[in-house]
Amino acid sequence: MGLMDKIRGEFIDIIEWLDDSRDTIVWRFPRYQNEIKMGAKLIVRESQVAVFVNEGQIADAFGPGTYTLETQNLPILSTIKGWKYGFNSPWKAEVYFVNTRVFTDMKWGTQNPVTVRDPEFGVVRLRAFGSYAVRVSDPKKLLTELVGTDPQFRTEEVAEYLRQLTVSHLGSALATAQVPMIDLAAHQQQIGQKLAGVLSEELAGIGITIPKFIIENISVPPEVEQALDKRTQMGVLGDLDQYTKFQTANAIEDAANNPGGGAGEGFGLGLGMAAGQRMAQSLNPPAQAPAAGPPPLPAQAQWYLGVGGQQAGPYDEAALAAQVRSGSLTRSTLVWKTGMAQWVPAEQVPELAAVLGSVPPPLPPQ
């Protein structure tokens, strides 16, 4: 190696990152002890942001494109280092490439059941799992708050934190969704969108957003599943008597199609016995137990009065008589009960004629 090649190797003149992985979020350019030459080429590809860090302090950031590094396009770094315009000497700085593409297929799941209160089944324990997508929304915040000096920050380093954050919000999302447990499957997408917004808002402080949150399944404990299966079977069967008759008719048809089979004969005998039992029951219906006493008295009508512009009541007929004696109920008092279209004066209601019998009519005009 010649002297010029050795000197040339001390300086970096091309800074770029060709990502050959699928899970690297941040990658630090391996500068080692080399210096960056003023006028070097910086190549930033799509879905990348290059961030310069000087002695732990965030400086300039570059989006996709090819740049020639000069003091003109390194204003923050020039200020930090105190460069004058036209500075042309080699310099040292850390360069972090931040991957801003969407990282998909990040998995999440509940290690322990989430307890929620269901309006129909009461307190139930739910398990859920699914996936989500992650994207860097603010590279500078990510470097400052989460990455630090990590030379290669991968998705696995943040996956557990995101999973715990997801589970901590899942119970609240299910409870506030106001959706019965049986209908959760139909609202998984809606709940996922809500969770994506909540998580993105909380992660904004570290420069991460959740553009997509998917709930693949929400399940209940096995014993609850068995109870739901039984309830579903009862709903499918409906009227058990009609279902039994339908099954019997099918069995008779099958037996008729196979008259020579011993099984058919035996089954036919069993059906005949069952039919005989039903006929005997229809000819001799079970006696009904005698009534324990007379039936209950019919409920009395409940009346409402309009007294002094206020509604009073309800009153039965005995209470109405007391209102007549006290003067609260007169012939012109408005009355109403269930079934009437509107309030009318008491004297227009035939049912109150007996109650108003002791109330004299109004005096004729003088």
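Start at 1 with the first residue, then count along the sequence.
With no hydrogens or angles considered, a side-chain donor-acceptor pair links Lys41 and Thr68 at under 3.5 Å. When only modelled atom types and interatomic distance are considered, Tyr96 and Glu94 share a side-chain donor-acceptor pair under 3.5 Å.
Under the 4.5 Å side-chain heavy-atom criterion for Ile, Leu, Val, Met, Phe, Trp and Tyr, Val198 and Val179 are members of distinct hydrophobic clusters. In this structure, Ile191 is not a member of the same hydrophobic cluster as Phe129, with clusters built from ILVMFWY side-chain heavy atoms closer than 4.5 Å. Under a hydrophobic-cluster definition in which Ile, Leu, Val, Met, Phe, Trp and Tyr are linked whenever side-chain heavy atoms come within less than 4.5 Å, directly or via other members, Val167 and Val134 are assigned to different clusters. Cluster annotation: Met106 is not connected to Val102 through the hydrophobic network of ILVMFWY side chains, with a link wherever side-chain heavy atoms come within less than 4.5 Å. Criterion: ILVMFWY side-chain heavy atoms under 4.5 Å apart, direct or through other members. Under it, Phe52 and Ile80 are not part of a common hydrophobic cluster.
A salt bridge links Lys337 and Glu351; the closest N-O separation between the charged side-chain nitrogens and carboxylate oxygens is under 4.0 Å. The pair Glu160-Arg163 meets the salt-bridge criterion, since a charged nitrogen lies less than 4.0 angstrom from a carboxylate oxygen. With respect to the salt-bridge test (charged N to carboxylate O, under 4.0 angstrom), the residues Glu46 and Arg101 do not qualify.
Gln323 and Tyr315 get closest at one heavy-atom pair: NE2-CE2, 3.8 Å. Minimum interatomic distance between Phe97 and Ile43 (heavy atoms only, all atoms of both residues): CE2-O, 3.7 Å. When all heavy atoms are compared, the tightest approach of Leu69 to Met38 is O-SD, 3.2 Å. Contact detail for Pro211 and Ala133: the closest heavy-atom pair is CD-O, 3.2 Å. The shortest non-hydrogen separation linking Ile76 to Asp60 is N-OD1, 3.1 Å. Leu74 approaches Phe62 most closely through the heavy-atom pair CD2-CZ, 3.6 Å.
Side-chain atoms of Gln188 come within 3.5 Å of backbone N or O of Ile215 as a donor-acceptor pair. Formation of a donor-acceptor pair under 3.5 Å by the Gln48 side chain with backbone atoms of Trp17 is found in this model. In this structure a side-chain-to-backbone donor-acceptor pair under 3.5 Å is present from Arg127 to Gln111.
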Determine whether Ile14 and Leu42 satisfy the following criterion, side-chain contact (heavy atoms from CB on, under 4.5 Å), listing intermediate values before the conclusion. CA-CA 6 Å; Ile14 297 180; Leu42 172 66; over 6 Å; no
Show your working on side-chain contact (heavy atoms from CB on, under 4.5 Å) between Phe153 and Leu146 and close with a plain yes or no. CA-CA 9 Å; Phe153 187 75; Leu146 198 61; 3.7 Å; yes
Exercise for the section: Could you check Ile208 against Arg135 for side-chain contact (heavy atoms from CB on, under 4.5 Å), going step by step and ending with a plain yes or no? Expected result: CA-CA 6 Å; Ile208 293 178; Arg135 169 182 282 167; over 6 Å; no
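Less than 6.0 angstrom separates the ring centroid of Phe213 from the ring centroid of Trp108.
Expressed to the nearest 0.5 Å, how far CD1 of Ile214 lies from NZ of Lys107 amounts to 8.5 Å. Atom CD in Gln152 sits 5.0 Å away from atom CZ in Arg154 (nearest 0.5 Å). From Ile218, atom CD1 reaches atom CG of Leu184 across 4.5 Å, with rounding to the nearest 0.5 Å.
Environment of CD in Gln164: crowded, with over 12 heavy atoms of neighbouring residues, nucleotides or ligands closer than 6.0 Å.
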